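In what follows, a single structure is set out as structure tokens and then discussed.
All figures in this text were calculated on a predicted structure; none of them were measured in a lab. Residue indices begin at 1 and follow the sequence shown.
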Amino acid sequence: TAVLSSTTRSSRNKSKKRHIIVSIIGVLFFCAAGATVAYGHSFQNTVLPGVHIGSFDVGGMGEAELVKFVNDMHTKLLSEGIPGTFDVATSSGQFVLYPQSITHEAVNEFIILDSDAVAQKLLSYRKSGNSILDSFSALSTRIIQPSVVLDNIVYQKEKIFDEIDRNMSG
């Protein structure tokens, strides 16, 4: 009976230890899962962390800040001109395309950019509306740091080519 009693106590102790270890692992798992969901939820109304447009980090920006950023970059590009190079059989060179006013109301822009559409694209980038999936997206974009290609840009090709022709002949 003493041997049986010792074996029973030993097996109860092992069972208690196993139960404690499993409980600790479970609590740690739920704490990590809760922290991950809370982290992802903090980016519900902003761009996910680590997201870039080219070399510019836009992660964490809200809609108003993002629209202002895109408009400022568009204005800067148009005011400083769009640099380009050409290489054809007869000549090669560099040029800068500057927007020109057509009338007081309209501006002949080489690039048309819908900043609200760009903002919405970036705000919804890799978000599904599912808190758990969005949380993992927030973690992965923080690590991967993706650069988003803007497809909301309209290039006025005819105007660009006309300006290139004008620069080449003048």
Taking a hydrophobic cluster as the set of Ile, Leu, Val, Met, Phe, Trp and Tyr residues connected by side-chain heavy atoms closer than 4.5 Å, whether directly or through intermediates, do [X] and [Y] fall within one such cluster?
X    : Y   : answer
F136 : V51 : yes
V70  : M73 : yes
L133 : V37 : no
I20  : L28 : yes

Euclidean distance, [Y] [atom2] relative to [X] [atom1], rounded to 0.5 Å:
X    : Y    : atom1 : atom2 : answer
L66  : F69  : CG    : CZ    : 8.0 Å
L48  : R142 : CG    : CZ    : 10.0 Å
L123 : Q44  : CG    : CD    : 11.5 Å
F43  : L139 : CZ    : CG    : 9.0 Å
E63  : D116 : CD    : CG    : 6.5 Å
L122 : H52  : CG    : NE2   : 12.0 Å

Between the side chain of S115 and the main-chain N/O of V67, is any donor-acceptor distance below 3.5 Å? no
Using atom types as modelled and distance alone, determine if a side-chain donor or acceptor of D134 lies under 3.5 Å from a backbone N or O of G129. yes
Within the 4.5 Å heavy-atom criterion, are F56 and S147 side-chain neighbours or not? no
Are the side chains of D114 and V118 in contact, using a 4.5 Å heavy-atom criterion? no
Smallest separation among heavy atoms of S131 and S135, with atom names: O-OG, 2.7 Å
Closest heavy-atom pair and its distance - A138, G40: CB-CA, 4.1 Å
Of D57, V58, T141, the one forming a side chain to side chain contact (heavy atoms under 4.5 Å, CB included) with P49 is T141
